[in-house]
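Any value given below was found using the heavy atoms of this structure, including those in side chains, with hydrogens, waters and symmetry copies removed. Order of the sequence lines sets the chain letters (A, B, ...), proteins ahead of strands, with each chain counted from 1.
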There are 2 protein chains.
Amino acid sequence: MTPVTIDDIRAAAARIAPIAQKTPIWRSRSFDERCGREVVFKCENLQKGGAFKIRGASNFLLSIPEADRPKGVVGFSSGNHAQAVAIAARVLGMPATLVMPDDAPKSKLEATRANGARVVVYDRFKDSRERIGQEIAAETGATLVPPFDHRWIIAGAGTCALELMEQAPGLDALVVCLGGGGLLSGSAIAAMAVNPGVRVFGVEPEVADDYAQSLQKGERIEIASPPTIADGLRTTKPGEITFAVIRELVDAVLLVSEEEIRETTKFVISRTKLLVEPSGAVGAAAVLYGKLPPELKKVGVILSGGNVDFETLAAL
Amino acid sequence: MTPVTIDDIRAAAARIAPIAQKTPIWRSRSFDERCGREVVFKCENLQKGGAFKIRGASNFLLSIPEADRPKGVVGFSSGNHAQAVAIAARVLGMPATLVMPDDAPKSKLEATRANGARVVVYDRFKDSRERIGQEIAAETGATLVPPFDHRWIIAGAGTCALELMEQAPGLDALVVCLGGGGLLSGSAIAAMAVNPGVRVFGVEPEVADDYAQSLQKGERIEIASPPTIADGLRTTKPGEITFAVIRELVDAVLLVSEEEIRETTKFVISRTKLLVEPSGAVGAAAVLYGKLPPELKKVGVILSGGNVDFETLAAL
């Protein structure tokens, strides 16, 4: 029994419908030919705020009791979550403060501010964003919006796979990028409830393998702040709830190199004409570089985000 | 009476269905807010080959008499047309030779070769691509595929607006980039046949205003090879058929600066997450920079292509 059920995810889908978009799916002949499978991309890069994060953030904010809403929310995030909290807060008329690393992509910092949120930057290698966030929450009475390890966030994130399973019936596998685990745990619950035969895989950068190590050890371990180009997947330790769900439901966690992430990001952008950020291309990288069992022919891949600087594109 | 009718365009739509894709439409809240209109993007950047050109090319190749097909085809183009001819030829099993400028984006040269076509490069400031193409055709017996000024090309290109009018009923205006005029003339015929009230606009770079000058003068004039970033719109003279159609049906030709093209390309990519090339963003630039009459509220814009180098993106 998981702490989040398919009913929670269906309820979240109804709740967030006025804020989050139903994103399209897309196919690429070039990608299919290159990897030898039938791949269905779920385009969360086209989501409001440019990433799947609005799903969890809006479900969370809409679940806060009415009396607490005027005091606002505070979030900490490597970027896309912050932007999602800012957008959801603006739509719902709530004040928002976001704690973001000072080396987050400029586009993410600017977009968060443009959405009317206060941004507090911190040094990812020295400060604790959790501590800063908690201090702000204690001072202002704002509700802390965790980036992934909360059932409201997981239920919201799961609405993405719920849509995909309805848009692309009969998938053999679902491949999802893995940072904190909110998207993967929600996706696994939704996908396996709709299609019990589907096999669900998480994908981490080799240098950010906190989940792979934790699963092998059977307990949550912490790694040093990982230097991956996939800035959305730089979490250092699995969440408690997300780890439990992923351990129970997910087939395996696959690893991809920085070079594989870079090449896949370029390939997806230049062939599909969909802008995808490195973090968002990690799932596609696992498929492109043959990390999946060969018998899985029809594969869903979540392109989880598209917030990439022109400087980052140039560096690719 | 135009030389191409809506029936020709409907016949082309049926003919090319196995080769060209029906592309989606897309909306952007950011774009609408910034320009104060309701804009529907027709995503030809997601078309096979990354641009609308496959529509005209495949309609042309499928209209060549059976007996001439084994001798193949030869085309000359600034890039997207060449790629489209190569793809259509490969699908139909016909040999293809393409004459392309030596300063065309690398991605376009490579993609054309990857599609199995022979590429002959020329110096855009010294040689005549028409002459080189005609020589190859004379030597090999191949059929010359003109880039725009032919009724089969125009009818094929017009299928794009035909789809759009069905996907987005009730448009006040349709805005189309203008190089040789194949897309604009076909679009005008299709759009006004389906929705007689729609006003159709062409958009040229200020530095590539051969149509604007020609329309003012009442005859086709030739300009020097224009130094615009919109490499797909570097034609120097209107076509004969396309000029006649555009003169009759199109409301006005609007001009946009190089800076407006660059800014719009960046804005569209970073906000919609759809990769668009500068040539493909010229129509959007006219809308974003307020060149349309204010009373036109619901506007269709063709994002005509998405074949852009990472180097070009970096330069933006």
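- Looking only at side-chain heavy atoms (C-beta outward), Glu263(A) and Tyr289(A) come within less than 4.5 Å of each other.
- Listed here is the closest heavy atom pair of Ala284(B) and Val301(B): N-CG1, 3.6 Å.
- No side-chain heavy atom of Val176(A) sits less than 4.5 Å from a side-chain heavy atom of Val203(A).
- Note that the OG1 atom of Thr228(B) and the CD1 atom of Ile261(B) stand 4.0 Å from one another [nearest 0.5 Å].
- Annotation: side chain of Ser187(B) is in contact with side chain of Leu174(B) (closest heavy-atom distance under 4.5 Å).
- When heavy atoms are compared at a cutoff of 4.5 Å, Gln21(A) approaches chain B solely by way of its side chain, counted from C-beta outward.
- Proximity of Val299(A) to Val175(A): side-chain heavy atoms (C-beta onward) are separated by under 4.5 Å at one or more points.
- Contacts between residues 22-39 of chain A and chain B, defined by a heavy-atom separation under 4.5 Å, are made by Pro24(A), Trp26(A), Arg29(A).
- Residues passing the salt bridge (Lys or Arg N to Asp or Glu O under 4.0 Å) test with Lys298(B): none are found, sequence neighbours excluded.
- A heavy-atom distance below 4.5 Å is found between the side chains of Val145(B) and Ile153(B).
- Of all heavy-atom pairs between Thr159(B) and Ala13(B), the closest is CG2-N, 3.5 Å.
- Annotation: side chain of Leu316(A) is in contact with side chain of Leu313(A) (closest heavy-atom distance under 4.5 Å).
- For Asn307(A), the parts lying under 4.5 angstrom from a heavy atom of chain B are both the backbone and the side chain.
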| request: Using the side chain to side chain contact (heavy atoms under 4.5 Å, CB included) rule, take Phe148(B) and Thr235(B) through it: C-alpha gap first, then chi angles, then the decisive distance, then the call. | output: CA-CA 10 Å; Phe148(B) 51 85; Thr235(B) 46; 3.6 Å; yes
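- The shortest side-chain heavy-atom distance between Thr112(B) and Ile87(B) does not fall under the 4.5 Å cut-off.
- Between Leu171(A) and Leu164(A) there is a side-chain heavy-atom pair separated by less than 4.5 Å.
- Proximity to chain B among residues 44-59 of chain A is limited to Asn45(A), Leu46(A), Gly50(A), judged by heavy-atom separations below 4.5 angstrom.
- Within residues 268-281 of chain A, the residues approaching chain B closer than 4.5 Å by heavy atoms are, in numerical order, Ile269(A), Ser270(A), Thr272(A), Lys273(A), Leu274(A), Leu275(A).
- Heavy-atom pairs under 4.5 Å with chain B were tallied for Ala314(A), Ala315(A), Gly306(A); the largest tally goes to Gly306(A).
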| Derivation and outcome, side chain to side chain contact (heavy atoms under 4.5 Å, CB included), residues Leu61(A) and Met94(A) | CA-CA 9 Å; Leu61(A) 266 61; Met94(A) 295 165 70; 4.1 Å; yes
